[in-house]
Amino acid sequence: MLKFIKHEPEFPPIEFFITRFFVGDNCLFEQETKVSLPTLITGDDIDIFNESYVIESRQFGFNEDAFVTVYYIKKR
């Protein structure tokens, strides 16, 4: 017989996905959503405010009930 043990999660569930785009130390754009956005990778192009940028790097983290993705970008 398979025994099921009650599982208590260590962390609360993720309720928000926060995506931030930085040019140097300046946050150019931030978006908060209830669903995860498609992930960009190094070298991908993105247009923000009618300007073209390239993804230089990205970082991930958690903050309470949010998953945070930070992209560092530079102008094309």
Side-chain angles (χ1 to χ4, degrees):
M1 174 184 254
L2 183 60
K3 249 184 157 177
F4 289 97
I5 300 171
K6 184 176 178 186
H7 173 71
E8 292 291 331
E10 189 173 342
F11 302 101
I14 294 173
E15 293 187 27
F16 300 100
F17 295 87
I18 300 171
T19 305
R20 294 179 179 147
F21 294 91
F22 279 85
V23 176
D25 291 336
N26 297 321
C27 185
L28 179 67
F29 180 73
E30 177 176 300
Q31 183 170 6
E32 182 179 297
T33 59
K34 287 284 209 175
V35 296
S36 177
L37 298 176
T39 302
L40 301 168
I41 61 172
T42 302
D44 279 353
D45 293 321
I46 186 168
D47 289 342
I48 301 174
F49 304 125
N50 296 322
E51 296 283 343
S52 293
Y53 296 89
V54 63
I55 305 294
E56 289 189 306
S57 64
R58 65 183 178 177
Q59 296 178 350
F60 303 100
F62 291 93
N63 184 7
E64 296 178 10
D65 59 353
F67 182 80
V68 181
T69 305
V70 176
Y71 293 100
Y72 292 95
I73 59 178
K74 70 175 180 180
K75 208 176 237 189
R76 265 277 176 216

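Remark: Glu15 CD is packed, more than 12 non-hydrogen atoms of other residues, nucleotides or ligands lying under 6.0 Å away.
The hydrophobic cluster around Ile5 extends to none of the other residues, as no ILVMFWY side-chain heavy atom falls under 4.5 Å of it.
The aromatic rings of Tyr71 and Phe21 lie parallel to each other, with less than 30° between the two planes, well short of the 60° mark.
Both Val23 and Ile48 are members of a single hydrophobic cluster when ILVMFWY side chains are connected at heavy-atom separations under 4.5 Å. Note on Val70: it clusters hydrophobically with Ile18, by side-chain heavy-atom contacts below 4.5 Å among ILVMFWY residues.
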Report, one line per pair, each donor and acceptor closer than 3.5 Å where one atom sits in a side chain of residues 29-46; sequence neighbours left out.
residue: Glu30; atom: OE1; partner: Arg20; partner atom: NE; Å: 2.6
residue: Thr33; atom: OG1; partner: Val35; partner atom: O; Å: 2.6
residue: Asp44; atom: OD2; partner: Ile41; partner atom: N; Å: 2.9
residue: Asp45; atom: OD1; partner: Arg76; partner atom: NE; Å: 2.8
residue: Asp45; atom: OD1; partner: Arg76; partner atom: NH2; Å: 2.7

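Taken from CG in Leu28 to CZ in Phe49, the straight-line distance is 6.0 Å, to the nearest 0.5 Å.
You'll find the side chain of Phe16 stays beyond 4.5 Å of the side chain of Asn63, heavy atoms only.
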